[in-house]
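What follows is a short report on a single structure.
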Amino acid sequence: MNFKKLALAALAIGTTAYIVNHNKKNIKYKPVQNFDLGGFLGRWYEIARLDNKVQKNQTNVTHRFILNEEKESLEIIVRGYDTKKRSWNKLEGIASQDIENVGLFSTTFLPIFAKKLYIIDFDKDYNNTLVASEDYKKLWILSRKKEISDKVKERFLDSAKKVGFDTSKLIWPSQVPIAK
């Protein structure tokens with residue numbers, strides 16, 4: 001009887017280990033160094049993203065990063081216009097910087113949306129940034145302006161391709177104001 005329990009426990013542990021490792025993609029990128037959190041705070045316009053269920057059909061998307069000194073965390077507010085539902089959506093989360101001066105954050109958008117976000121490229125003047133999730137399912141090009149130059153676009157696309165992202169799947173949501 002004990003042998004059967006031991007065999008079942010070993011099978012369960014082995015299956016769990018396989019599932020965890022099988023679903024884990026080898027991360028080929030590292031967060032940027034010499035990252036100034038203060039320069040990163042504020043509003044960003046979403047220039048491009050890998051589409052995801054939460055942001056489906058959204059245009060005019062902005063991401064705001066607000067320092068909450070009392071809680072020693074960042075508030076994240078992602079706001080976008082759903083073109084199918086003809087309404088504004090807002091998603092709020094929190095983040096903490098994992099290591100000071102490094103572009104790596106632990107984020108939570110509801111308990112089920114806990115992820116590491118990596119800043120994998122950025123302009124030294126904090127006008128444009130490339131953000132990726134640890135599971136390769138999310139990628140964003142963000143800018144302080146509603147448009148980016150072709151030079152910045154190509155640099156970020158090259159950076160994303162070099163670390164394994166399929167940039168042909170990026171969508172480029174409009175930032176044209178919504179008529180009332």
Side-chain angles (χ1 to χ4, degrees), residues 19-32 35 40-66 73-98 102-123 126-148 152-178:
I19 291 169
V20 167
N21 288 324
H22 183 72
N23 290 332
K24 210 178 233 185
K25 196 162 188 176
N26 225 2
I27 297 174
K28 297 178 186 172
Y29 47 86
K30 296 191 181 322
V32 295
F35 181 78
F40 182 71
L41 298 176
R43 179 175 60 188
W44 294 86
Y45 294 98
E46 187 177 277
I47 304 301
R49 71 170 178 267
L50 287 178
D51 209 10
N52 57 74
K53 291 178 186 177
V54 175
Q55 292 183 283
K56 195 85 174 154
N57 303 313
Q58 287 189 10
T59 64
N60 296 81
V61 180
T62 59
H63 298 240
R64 286 188 190 264
F65 298 88
I66 304 160
S73 64
L74 288 176
E75 294 177 36
I76 305 171
I77 301 169
V78 181
R79 186 173 179 266
Y81 184 77
D82 187 319
T83 57
K84 297 283 188 208
K85 296 179 181 174
R86 297 180 180 247
S87 64
W88 288 95
N89 293 335
K90 182 167 79 169
L91 179 64
E92 296 184 36
I94 57 170
S96 60
Q97 190 173 17
D98 288 6
V102 175
L104 177 63
F105 298 90
S106 294
T107 64
T108 304
F109 290 90
L110 307 173
I112 59 171
F113 295 122
K115 294 205 180 286
K116 296 265 189 207
L117 291 183
Y118 291 71
I119 309 299
I120 59 175
D121 198 352
F122 72 108
D123 292 345
Y126 294 87
N127 282 325
N128 303 290
T129 190
L130 181 62
V131 181
S133 66
E134 65 186 329
D135 59 6
Y136 279 80
K137 291 182 180 178
K138 294 185 174 58
L139 181 72
W140 297 271
I141 296 175
L142 304 177
S143 179
R144 299 289 186 185
K145 298 179 180 174
K146 293 182 178 186
E147 296 177 349
I148 60 173
V152 170
K153 178 181 176 180
E154 289 307 313
R155 188 181 100 218
F156 283 176
L157 291 175
D158 287 343
S159 291
K161 286 177 193 173
K162 283 178 186 173
V163 296
F165 282 95
D166 181 356
T167 59
S168 70
K169 293 185 178 181
L170 284 171
I171 63 167
W172 302 82
S174 171
Q175 285 293 345
V176 175
I178 303 298

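Positions are given from 1, in the same order as the sequence printed here.
At least one donor-acceptor pair closer than 3.5 Å links the side chain of Thr83 to the backbone N or O of Asn57. With Ser143 contributing its side chain and Asn128 its backbone, the two residues share no donor-acceptor pair below 3.5 Å. Put simply, the side chain of Arg155 never gets that close to the backbone of Asp121: no donor and acceptor are under 3.5 Å apart. Between the side chain of Gln97 and the main chain of Leu104, no donor-acceptor pair closer than 3.5 Å is present. Using a distance-only test at 3.5 Å, with no hydrogens or angles considered, no donor-acceptor pair links the side chain of Arg79 to the main chain of Trp88. Between the Glu75 side chain and the Ile66 main chain, no donor and acceptor come within less than 3.5 Å of each other.
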From CA spacing to verdict: side chain to side chain contact (heavy atoms under 4.5 Å, CB included), Asn52, Lys137: CA-CA 8 Å; Asn52 57 74; Lys137 291 182 180 178; over 6 Å; no
Test side chain to side chain contact (heavy atoms under 4.5 Å, CB included) applied to Leu41 and Leu74, step by step: CA-CA 9 Å; Leu41 298 176; Leu74 288 176; 3.3 Å; yes
Leu50 vs Leu170, side chain to side chain contact (heavy atoms under 4.5 Å, CB included): CA-CA, chis, key distance, verdict: CA-CA 5 Å; Leu50 287 178; Leu170 284 171; 4.1 Å; yes
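No side-chain heavy atom of Gln58 sits under 4.5 Å from any side-chain heavy atom of Pro173. Side-chain contact between Arg43 and Phe65: absent, with no pair of heavy atoms (C-beta onward) separated by less than 4.5 Å. Ile77 is not listed as a side-chain neighbour of Thr62, based on a closest heavy-atom distance of 4.5 Å or more. At a threshold of 4.5 Å between non-hydrogen side-chain atoms, the residues Ile141 and Trp172 count as touching. Residues Arg49 and Val61 meet the side-chain proximity criterion, which asks for heavy atoms closer than 4.5 Å. In this structure, the side chains of Ile47 and Glu147 stay at 4.5 Å or more apart for every pair of heavy atoms.
Between the NZ atom of Lys138 and the CG atom of Asp51 there is a distance of 10.5 Å, given to the nearest 0.5 Å. Going from atom CD1 of Ile171 over to atom NZ of Lys56 covers 7.5 Å, rounded to the nearest 0.5 Å. Taking NZ of Lys161 as the reference point, atom CG of Asp166 lies at 9.0 Å (rounded to 0.5 Å). Annotation: the span from Phe156 atom CZ to Asp123 atom CG amounts to 5.0 Å, rounded to 0.5 Å. Distance check, rounded to the nearest 0.5 Å: OG of Ser174 to CG of Asn60 gives 5.5 Å. Summarising the geometry, atom CG belonging to Asn89 is positioned 5.0 Å from atom CG belonging to Asp82; distances are rounded to the nearest 0.5 Å.
In this model, a donor atom of one side chain and an acceptor atom of the other lie less than 3.5 Å apart for Asp98 and Ser106.
Nearest heavy atoms, Pro31 versus Gly103: CB-O, 3.2 Å. Heavy-atom minimum distance, Ala132 versus Leu139: CB-CD1, 3.9 Å. Pairing each heavy atom of Leu130 with each of Ala160, the nearest pair is CD2-N, 4.1 Å. In plain terms, the two heavy atoms of Glu46 and Trp140 that are nearest each other are OE1-CD1, 3.1 Å. Between Val78 and His63, the shortest heavy-atom distance links the atoms CG2-ND1, 3.7 Å.
Two rings, from Tyr29 and Phe165, have their centers less than 6.0 Å apart.
Around atom NZ of Lys146, more than 12 heavy atoms belonging to other residues, nucleotides or ligands sit under 6.0 Å away.
Lys169 pairs by the side-chain hydrogen bond (donor to acceptor under 3.5 Å, both in side chains) definition with nothing, not counting sequence neighbours.
Ring geometry, Phe105 versus Phe40: the interplanar angle falls under 30°, so the pair is classed parallel (tilted spans 30 to 60°).
Annotation: cation-pi pair Arg64/Trp44 absent, no NZ/CZ under 6.0 Å from the ring centroid and within 45° of its normal.
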